[in-house]
Amino acid sequence: MACVGDEPTLTRAPLPLAEDAAPAPSPDGGDEAEAAATPTEEAGADAGLGDADASSRFCATQAAGAGVRDFFCADFDGADLTEGFTSINLPDGGSITRITDVAYSAPSSIATQGNASLVWEKTDPVNFSELEVSMRLNVGSQLGSPPPSDGSTTIFELAAGPTTVRFSFARGAIIDGATGYTGYFVSSITCPSACTSTLKRVSSIPVNVWTLIRLRWTSAGAGELWIDGEQAFAGPLHSAAASKVTVRTGLRALGSAPVTPRHAFDNLTISVRR
């Protein structure tokens, strides 16, 4: 995967896994490490980005909708790319890069490499009833004809209790009965003891343009996905009963992951109803 854009790029050597963390697959075979602290950006970063005009940023125009108990917004336009996130995952070789030549809301967006991801989580005494994630994605053109793979790349994921819902990309995997499938899909997996999963193919995303992706998941197991306002999926996923919800944003390998084009992220919002 190739990322384009200017500094800063956040990188970090691997850290020990937390006791309750499970190692995630990495293309180079390394384990993923989660760090709660925000890393220092490289020298030369514009420390004033987003400071003078904070009121004009996308997130300054956003507010929680009716019935939303927890709300989060990230527009990646400030000096700190990880602003507001609970933690970051930066495994060895991973990076989170500011993109300045492709942004839905100026001046910047982000792209990730090497299983790096940004994490937001929230715990409340009341169990969640609905979790919705909305973001803008800009998918770069893929050069050449990469070989097929039986794994996948997670673009972003939602989690509560033993259940995870993912928006992912495959190139040659078996997805929802289709052999050698190339494209995007929604999946859910739950592991209260033995794991069960469901996978549903969805429509493609155009390249080199900004696309609005919105994924809604309820505790009862209902799922809905919209791509640029068109419903791409509506159906059953796995249910969950949990007071803690987690959203992870960034390309992450699952199994033998395929070559995946650059995905730029911008204007992420998270809404939790309870």
Q: Let's go through F167 and L137 carefully: what are the C-alpha distance in whole Å and the side-chain angles of both, what is the deciding distance for side chain to side chain contact (heavy atoms under 4.5 Å, CB included) to 0.1 Å, and is it a yes or a no?
A: CA-CA 12 Å; F167 180 71; L137 278 181; 4.2 Å; yes
Q: Given the side-chain rings of F233 and F185, with only the six-membered ring counted for Trp, is the space between their centroids under 6.0 Å?
A: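 When the ring centroids of F233 and F185 are compared, they turn out to be at least 6.0 Å apart.
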Q: Please go through I189's hydrophobic cluster and name the other residues, only I, L, V, M, F, W, Y counting, with side-chain heavy atoms under 4.5 Å joining them.
A: none
Q: Identify the heavy atoms of V202 and A232 that sit nearest to each other, and give their distance.
A: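 So the minimum-distance heavy-atom pair works out to CG1-O, 4.0 Å.
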Q: Hey, could you give me the OG/CD1 distance between S95 and I110, rounded to the nearest 0.5 Å?
A: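 Result: 10.5 Å between the selected atoms.
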Q: Among all residues two or more places apart in sequence or in another chain, which pass the side-chain contact (heavy atoms from CB on, under 4.5 Å) test with D176?
A: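 K200, R201.
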Q: Mind telling me whether F72 and F85 have parallel, tilted or perpendicular rings, with 30° and 60° as the class edges?
A: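 F85 vs F72 ring planes: perpendicular.
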Q: Hey, mind stepping through R69 and F128 against side chain to side chain contact (heavy atoms under 4.5 Å, CB included) and telling me if it holds?
A: CA-CA 9 Å; R69 188 177 180 112; F128 92 103; over 6 Å; no
Q: I need the minimum non-hydrogen distance between A159 and W217, along with the two atoms involved.
A: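 Shortest heavy-atom contact: C-CZ3, 4.2 Å.
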Q: Of the non-hydrogen atoms in A257 and S152, which two are nearest, and what is the gap between them?
A: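 Reported closest heavy-atom pair: CB-O, 3.4 Å.
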Q: Which one of L158, T249, V272 satisfies the side-chain contact (heavy atoms from CB on, under 4.5 Å) criterion with V133?
A: L158
Q: What distance separates F76 CZ from M135 CE, expressed to the nearest 0.5 Å?
A: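 F76 atom CZ to M135 atom CE measures 7.5 Å (nearest 0.5 Å).
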Q: Side chain of N127, backbone of S243: donor and acceptor closer than 3.5 Å?
A: yes
Q: Could you go through the side chain to side chain contact (heavy atoms under 4.5 Å, CB included) check for T112 and L118 one step at a time?
A: CA-CA 9 Å; T112 68; L118 294 168; 5.9 Å; no
Q: I'd like to know whether D150 forms a side chain to side chain contact (heavy atoms under 4.5 Å, CB included) with I174, so could you lay out the CA-CA distance, the side-chain angles of the two residues, the decisive distance to 0.1 Å, and finally the verdict.
A: CA-CA 7 Å; D150 59 4; I174 301 174; over 6 Å; no
Q: I'd like to check the side-chain contact (heavy atoms from CB on, under 4.5 Å) partners of S188; sequence neighbours left out, ordered by chain and number.
A: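 Listed in chain order: V165, T198, L237, H238.
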Q: If the test is side-chain hydrogen bond (donor to acceptor under 3.5 Å, both in side chains), which one of Q62, R136, R57 qualifies with D75?
A: R57
Q: At what distance, to the nearest 0.5 angstrom, does CZ of R262 lie from OG1 of T97?
A: 11.0 Å
Q: From D77 CG over to R98 CZ, what is the distance, rounded to the nearest 0.5 angstrom?
A: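 If we round to the nearest 0.5 Å, D77:CG and R98:CZ are 8.0 Å apart.
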Q: N115 side chain to A253 main-chain N or O, any donor-acceptor pair under 3.5 Å?
A: yes
Q: Listed by chain and number, what are the side chain to side chain donor-acceptor pair (under 3.5 Å) partners of T179, not counting sequence neighbours?
A: none
Q: Quick one: does T163's side chain have a donor or acceptor within less than 3.5 Å of a partner on S239's backbone?
A: yes
Q: Write down the atom of T269, the atom of F58, and the distance for their closest heavy-atom approach.
A: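 Heavy atoms only, the tightest pair is CG2-CE2, 4.0 Å.
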Q: Residues two or more places apart in sequence or in another chain: which of them pass side-chain contact (heavy atoms from CB on, under 4.5 Å) with R171?
A: Q142, P146, F169, T182, P258, P261
Q: Is the backbone of V102 close enough, under 3.5 Å, to the side chain of S109 for a donor and an acceptor to pair up by distance?
A: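 Confirmed, S109 side chain pairs with V102 backbone.
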Q: Any idea which heavy atoms bring Y184 and S203 closest together, and the distance?
A: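 Nearest heavy atoms, Y184 then S203: CB-O, 4.3 Å.
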Q: According to side-chain contact (heavy atoms from CB on, under 4.5 Å), who are the partners of S271, at least two apart in sequence or on a separate chain?
A: V68, F71
Q: Locate the shortest heavy-atom distance separating S134 from L212; write the atom from each residue and the value.
A: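 The answer is OG-CD1, 3.5 Å.
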Q: When D70 is tested against each of R274, K244, R273 for salt bridge (Lys or Arg N to Asp or Glu O under 4.0 Å), which residue passes?
A: R274
